Every structure is written in C-alpha cells, then in structure tokens.
Amino acid sequence: MISIETTGKTVDEAIEKALKELQLSREDVDINVLDGGTKGFLGIIGGKEARVRATRKVNPTDFAKEFLLYITDSMKVNTNFEIEDKKDHYYINITGKNVGILIGRRGETLDALQYLTNLAVQRKMENRIRIILDVEGYRNRREQTLVRLANRLSEKVKRTQKSIILEPMNPHERRIIHTALQNKNGVETYSQGEEPYRKVVISLRK
C-alpha cells in the first residue's frame, strides 16, 4: 500500500499534489485531512499550509497478483495471470513455463497457495473477498476426472452390491463427487473421517 503526505495552500491543492505524485485519479485513493490549514493575519502573516495523507486504495486482484509474483519469482517460475471477476469470487488462472510445480500432488500445492493468497488479501480488505486460483485450467480438468470417476465407481457399487471408499479429498473435491451422484439412481454418498483424511463413501441407496 502506497501512502504519502503533501501540503498546499488549501486542502484541494494538497490533494492535487498527492494525486500528481502518485499518478492516480481521485477515485483510486483515500484522503485523510491532517490539517485544514489557516490563512493567517490578512492572509499573509502566520498562515499555515493544509496537510493531507493520500493512500492508494487496495485492489484485491492487484494485491493478489503482487503476492503471487513475489512467491513465484522466489521459486524462479515465470508466470502470467488471467483474472476474471465471477461476481461471487475472483478467478485467477496462472500460466507460463514449468508452472506445473505450483499444482503439486492432486492439487495440494495449489490449494495451499490459494489459502495463503486469500489470507493475505483478506488482511488488506474490509469486505470479504474470495479468490480461486488455478494453473492452466487444472481445476476444470480435475473436476471432469472426478465426475468420470464418480460415475464409474457408482456403477461398480450397483454391480457388486458393495460400498466403495475413495481416497482422502479436500472439501471442494468431495463436493464434486457428492454433486455428481446426488441424482444417481441406486446409490448415495456421504463423507466419513476427520480432516485432512476425510473420505467420500459411495454406497447402495437405502
């Protein structure tokens, strides 16, 4: 966050100086008037300049991008960012060479990076902001894989008449399995165990 203090004969003049120095428009900054100033005797003697503090407003996606660049540069991974406003959250897709290292085993590194990014952004924002991180569309591919897995295993459950317990998954991936099979005839799903080892169970519908 950039914050500067400027002075002027009037508050407006001090604000204009701050905007010029920051190279920002009025809607991009928060202004705090520290001293309204005084004209002094006859407008000449004993006058005091107005003083303001101008602070650049935090844009959540800009801050998230800076945070991610700091991490990826430290890892020596060259990255680009595609940012979309999804109304209820911001979607940031990371692209570049060798960015697969940011995904990790079954997306564990990506999930950790997403958690840290949300934590960092939230500390700078008054309103709750949710950010979904992705790496070259990994999450969409993973979702498609899980849906296919869920459908295949549900058929196996019906064929063998035996429940199947999946490997531990994070809440988001468990939700994908539950959603994929919620209207599936003959089977039902539920979760068991404690985080981070909580698993989805696919069983015959009672």
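What you see is a predicted model, and the numbers here were worked out from it, not measured in a lab. Side chains included, hydrogens not; waters and symmetry mates left out as well; all remaining heavy atoms used.
A distance-only check finds a donor-acceptor pair linking the side chain of Glu13 to the backbone of Lys9 [under 3.5 Å]. For Thr6 (side chain) and Ala14 (main-chain N/O), a donor-acceptor pair under 3.5 Å exists by modelled atom type. With Asn118 contributing its side chain and Gln114 its backbone, the two residues share a donor-acceptor pair below 3.5 Å.
There is no path of hydrophobic side-chain contacts, each under 4.5 Å, that joins Val201 to Tyr197. Placement of Ile165 and Ile176 in two distinct hydrophobic clusters is found when ILVMFWY residues are connected by side-chain heavy-atom separations under 4.5 Å, directly or transitively. Taking hydrophobic clusters as Ile, Leu, Val, Met, Phe, Trp and Tyr residues chained together by side-chain heavy-atom distances below 4.5 Å, Leu102 shares a cluster with Phe81. Residue Leu146 is not grouped with residue Ile132 when hydrophobic side chains (ILVMFWY) are merged at heavy-atom distances under 4.5 angstrom, including chains of intermediate members. Hydrophobic clustering places Val77 together with Val135 (ILVMFWY residues linked when any side-chain heavy atoms are closer than 4.5 Å, directly or through intermediates).
Across every non-hydrogen atom of Gly36 and Ala50, the tightest pair is O-CB, 3.5 Å. Contact between Leu133 and Arg139 at its shortest, heavy atoms only, is O-NE, 2.5 Å. Nearest heavy atom pair, residue Ile131 against residue Ala64, reads CD1-CB, 3.7 Å. Between Arg128 and Gln122 the shortest heavy-atom distance is CA-NE2, 3.2 Å. Across every non-hydrogen atom of Arg205 and Leu181, the tightest pair is NH2-O, 4.5 Å. Across all their heavy atoms, Ser154 and Lys184 have their closest contact at OG-CE, 3.4 Å.
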- side-chain contact (heavy atoms from CB on, under 4.5 Å) between Thr79 and Leu69, worked out: CA-CA 8 Å; Thr79 54; Leu69 276 173; 3.9 Å; yes
- Item | Residues Ile92, Glu82; criterion side-chain contact (heavy atoms from CB on, under 4.5 Å); working and verdict | CA-CA 6 Å; Ile92 301 179; Glu82 301 168 353; over 6 Å; no
- side-chain contact (heavy atoms from CB on, under 4.5 Å) between Leu166 and Leu153, intermediate numbers included: CA-CA 9 Å; Leu166 280 67; Leu153 293 181; 3.9 Å; yes
- Task: Begin with the C-alpha distance, continue with both residues' side-chain angles, and end with the deciding distance and a verdict on side-chain contact (heavy atoms from CB on, under 4.5 Å) for Tyr90 and Ile129.
- Result: CA-CA 8 Å; Tyr90 291 99; Ile129 301 295; 3.8 Å; yes
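Between Leu113 and Ile71, some side-chain heavy-atom pair lies under the 4.5 Å cut-off. Side-chain contact between Val52 and Val11: present, with at least one pair of heavy atoms (C-beta onward) separated by less than 4.5 Å. At least one side-chain heavy atom of Ile177 sits less than 4.5 Å from a side-chain heavy atom of Met169. Looking at heavy atoms from C-beta onward, Ile103 lies out of side-chain contact with Thr109 at the 4.5 angstrom threshold. Side-chain contact between Lys17 and Glu21: absent, with no pair of heavy atoms (C-beta onward) separated by less than 4.5 Å.
Taking a 6.0 Å sphere around CG of Leu116, one finds it holds more than 12 heavy atoms contributed by other residues, nucleotides or ligands. With a 6.0 Å radius and a threshold of 12 heavy atoms from other residues, nucleotides or ligands, Asp85 has its CG atom above the threshold. Counting heavy atoms of neighbouring residues, nucleotides and ligands inside a 6.0 Å radius, atom NZ of Lys199 does not exceed 12 of them. Applying the 6.0 Å contact sphere to NZ of Lys158 captures more than 12 heavy atoms from other residues, nucleotides or ligands. Other residues, nucleotides and ligands place no more than 12 heavy atoms under 6.0 Å from the NZ atom of Lys156.
Once rounded to the nearest 0.5 Å, the distance linking CZ of Arg106 with CD of Glu167 reads 4.0 Å. In this structure, Thr72 OG1 and Asn80 CG are separated by 10.0 Å, a value rounded to the nearest 0.5 Å. Remark: Leu24 CG to Leu19 CG distance equals 7.5 Å, nearest 0.5 Å. For the atom pair Tyr138 OH and Thr145 OG1, the distance stands at 8.0 Å (nearest 0.5 Å). The structure places OG1 of Thr55 at 6.5 Å from CG of Asp30, a figure rounded to the nearest 0.5 Å. For the atom pair CD1 of Ile202 and CG of Asn151, the computed distance is 9.0 Å after rounding to the nearest 0.5 Å.
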Solution key, residues 187-194 side-chain donor-acceptor pairs under 3.5 Å, sequence neighbours excluded:
| unit_1 | atom_1 | unit_2 | atom_2 | d |
| --- | --- | --- | --- | --- |
| Thr189 | OG1 | His178 | ND1 | 2.7 |
| Ser191 | OG | His178 | NE2 | 3.0 |

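With respect to Asp28 and Arg56, no salt bridge is recorded, no charged nitrogen being found less than 4.0 Å from a carboxylate O. Under the 4.0 Å criterion applied to side-chain N and carboxylate O atoms, Arg105 and Asp111 are not assigned as salt-bridge partners. Arg174 and Glu195 are joined by a salt bridge, as a carboxylate oxygen and a charged side-chain nitrogen come within less than 4.0 angstrom of each other. Under the 4.0 Å criterion applied to side-chain N and carboxylate O atoms, Glu173 and Arg198 are not assigned as salt-bridge partners.
Asn59 and Thr61 share a donor-acceptor pair across their side chains, judged by distance under 3.5 Å alone.
Taking the centre and axis of the six-membered ring of Tyr91, the NZ or CZ atom of Lys86 falls inside the cone set by 45° and 6.0 Å.
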